[in-house]
Amino acid sequence: MILYPFQPGRTGGYSIVGFDEQTRQPRGELLLLPAGELPPEEFRGDAIFGGTSAADDPRQLRPAALAPPDARGVWADTQISGGELEAYLRALLAVWGTRLWVWLEPICMRFPVPCPTGVGEAVSAAALQDICARYPSHFSPELLCRYCFFSGSEGRPSVVLFDTDDTCREKLALLRRLGVQQVFGFLPQG
């Protein structure tokens, strides 16, 4: 597996040299761009995430859900609000194989219960800390994240899904077991 660790606190405009987990050697380069930004002409790396590039640039990673069947590289994240993460990733790998890049982005979102749309809203670190201080959290083996059930400010039931370093390690271990070749994002230490 080739890992491309994002730099904490940076939002884009830099390249990341990947490293092979087994050999610990540099391998590959990913350009991380803010929305709307074009890659510099001199970039000769392997892939581009975010930003904007020419439609014919094969290095541009496309969202797996929107990519044409012949895309050279596609990305998907590990944030699902229902189902089972392993089944979701297996389905993506069946279609995309080694062309799949997985974005490991820690989740921290609140969802109404029931949640017919599967769409949640971001929760700040301070709000999460407050929720976890008042309600017990549990581990979801299906989603490989933690969750808390609580009543929202409107009195309606809600669930917050969130990652910790431990759950991110669990997700990374799953990606290894499944044979994902390229992983990028906020990778846990240790």
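- Using a 4.0 Å cut-off between charged side-chain N and carboxylate O, Asp130 and Arg134 make a salt bridge.
- Taking the six-membered ring where the residue is Trp, Trp103 and Phe6 present tilted rings, their angle falling between 30° and 60°.
- In the displayed structure, Glu21 atom CD is contacted under 6.0 Å by more than 12 heavy atoms of other residues, nucleotides or ligands.
- Residues Phe162 and Tyr147 keep their aromatic ring centres 6.0 Å or farther apart.
- Residues forming a side chain to side chain contact (heavy atoms under 4.5 Å, CB included) with Val113 (at least two apart in sequence, or on another chain): Phe149, Pro157, Val159.
- The pair Arg44-Glu29 fails the salt-bridge criterion, with no side-chain N (NZ, NE, NH1 or NH2) lying under 4.0 Å from an Asp/Glu carboxylate O.
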Evaluate the side chain to side chain contact (heavy atoms under 4.5 Å, CB included) criterion for residues Leu100 and Val102: first the C-alpha distance (whole Å), next the side-chain angles of each, then the deciding distance (0.1 Å), finally the verdict. CA-CA 6 Å; Leu100 177 66; Val102 175; 4.0 Å; yes
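- Hydrophobic clustering, with ILVMFWY side chains joined whenever heavy atoms are under 4.5 angstrom apart, keeps Leu32 apart from Val17.
- In this structure, the side chains of Leu31 and Leu33 come closer than 4.5 Å at one or more pairs of heavy atoms.
- Note: the hydrophobic cluster containing Tyr14 also contains Phe186 (ILVMFWY, side chain heavy atoms under 4.5 Å, direct or indirect links).
- With values rounded to the nearest 0.5 angstrom, Phe150 atom CZ is found 3.5 Å from Ile131 atom CD1.
- In terms of the ring-ring contact (aromatic ring centres under 6.0 Å, His included) criterion, residue partners of Trp101 (sequence neighbours excluded) are, by chain and number, Tyr4.
- A 4.5 Å side-chain heavy-atom check between Glu121 and Met109 finds every atom pair outside the cut-off.
- Among all heavy-atom pairs drawn from Glu142 and Gly83, the shortest one is CB-O, 3.7 Å.
- A 4.5 Å side-chain heavy-atom check between Pro141 and Phe139 finds at least one atom pair inside the cut-off.
- Taking the charged nitrogens against the carboxylate oxygens, Asp163 and Lys171 do have a contact shorter than 4.0 Å, which makes a salt bridge.
- Hydrophobic clustering, with ILVMFWY side chains joined whenever heavy atoms are under 4.5 angstrom apart, groups Val160 together with Tyr135.
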